[in-house]
Number of protein chains: 2
Amino acid sequence: MSLTPEVSARQLLEVVPAVMRDIRSQMRSRRSPDLTVPQFRTLGFLDRNEGASLSDVARHMGLTPPSTSHLVDGLIARGLVAREGHPVDRRRVRLTITRSGLSILEASRRGTLAYLAGKLSGVSDDEREAIVRAMETLRTVFAAGAARQTVVK
Amino acid sequence: MSLTPEVSARQLLEVVPAVMRDIRSQMRSRRSPDLTVPQFRTLGFLDRNEGASLSDVARHMGLTPPSTSHLVDGLIARGLVAREGHPVDRRRVRLTITRSGLSILEASRRGTLAYLAGKLSGVSDDEREAIVRAMETLRTVFAAGAARQTVVK
DNA sequence: TATTGTTATACTCTATAACTATA
DNA sequence: TATAGTTATAGAGTATAACAATA
């Protein structure tokens, strides 16, 4: 049989990195709203989760807290994210996307989506349906932080 | 309608980075045959293309020559790749995977495939079929170097 | 002149270890 | 003691710019 887990795993391992590289280099090539993929995802998360803590972001991204702290530093340095103290628990941090961050996020999102949609425009409806189905499945299997959350108590 | 290019593009942009992160962190966690994703792909390419030049690798990976040179340096430093002069054109370089590189490549491939297959084992046959179909489509659309090769004369 | 590759430099992403501050 | 976060340090990946060697 051809559709064992091993076969699909092999396909993933070959194709996903190639798609990823393409996305990265497209983002890099936009010379105004240039966001890296992790920065883009962080802004998107903060857009949907106002006042998230550093740990919230780390969990969502599947990163360690130091990596996340560093990542957020970069966004703050560029004025795209604001960091305030938490009113109650003073160990915590409240992260919010700034107006400037939001507009860059939207520009970048539009640009990248348009680019990807262009690439997919030559693909048949049928094949696009398979892509959407596949992404839905993969999302549940590889949800960010899934592995950690299973391990952590 | 729900399956426009835009919808599938949105899915890709959300899901692919998450899958990629998962693959990376799995590779990082194997503490003997630890290869990064680009190193892994480079070794795989050299396994299939004995004596490839630096430019060949760069094209395949969708990277600039300096980045590729650096990447290859790391593999040579670890004894996984050998660099010789080209017998005819002395500007060129012949890259080959070493025996040690091959055995690490195979171990890493087995480990990562097993990990991914495990993750996909809970997925229905139907959904795996969609994944395989999607990957086949994406491979043709995002083939490494495709963009450059179209642009370059 | 054009091609192949390297070196120099710099930034981002990521990790682990060690630390501070707060609970 | 446990939790939230930062700082220190380091390696990999990537880019652009400048260069050397060869064709």
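Below, chain A is the first sequence line, B the second, and so on; all start at residue 1.
For the segment residues 80-96 of chain B, residues with any heavy atom less than 4.0 angstrom from an atom of DNA chain D are, sorted by number, V88(B), D89(B), R90(B), R91(B). At a non-hydrogen distance threshold of 4.0 Å, nothing from residues 44-56 of chain B comes into contact with DNA chain D.
Without hydrogens or angle criteria, S121(A) side chain to G118(A) main chain gives a donor-acceptor distance under 3.5 Å. Between the side chain of S53(A) and the main chain of V93(A), no donor-acceptor pair closer than 3.5 Å is present. Although no hydrogens or angles enter the test, the distance criterion places a donor-acceptor pair under 3.5 Å between the side chain of T112(A) and the main chain of S108(A).
Proximity of S69(B) to the phosphate of dG5(C): no side-chain N or O atom is located under 4.0 Å from OP1 or OP2. In this structure, S67(B) reaches the dA15(D) phosphate: one of its side-chain N or O atoms is under 4.0 Å from OP1 or OP2.
Two residues are said to be in side-chain contact when any heavy atoms from C-beta on lie closer than 4.5 Å; T36(B) and M27(B) fail this criterion. The shortest side-chain heavy-atom distance between L138(A) and L12(A) falls under the 4.5 Å cut-off. With contacts defined as side-chain heavy-atom distances shorter than 4.5 Å, the pair R83(B)/D73(B) qualifies.
When each of H70(B) and T36(A) is assigned the nucleotide of DNA chain C with its nearest heavy atom, H70(B) is the one assigned upstream, toward the 5' end. Each of P66(A) and L71(A) was matched to the nucleotide of DNA chain C holding its nearest heavy atom; the match closer to the 5' end belongs to L71(A).
Screening residues 43-54 of chain A for salt bridge (charged side-chain N to carboxylate O under 4.0 Å, His left out), with sequence neighbours left out, gives no hits.
The number of heavy-atom neighbours closer than 6.0 Å to CZ of R24(A), taken from other residues, nucleotides and ligands shown, is above 12.
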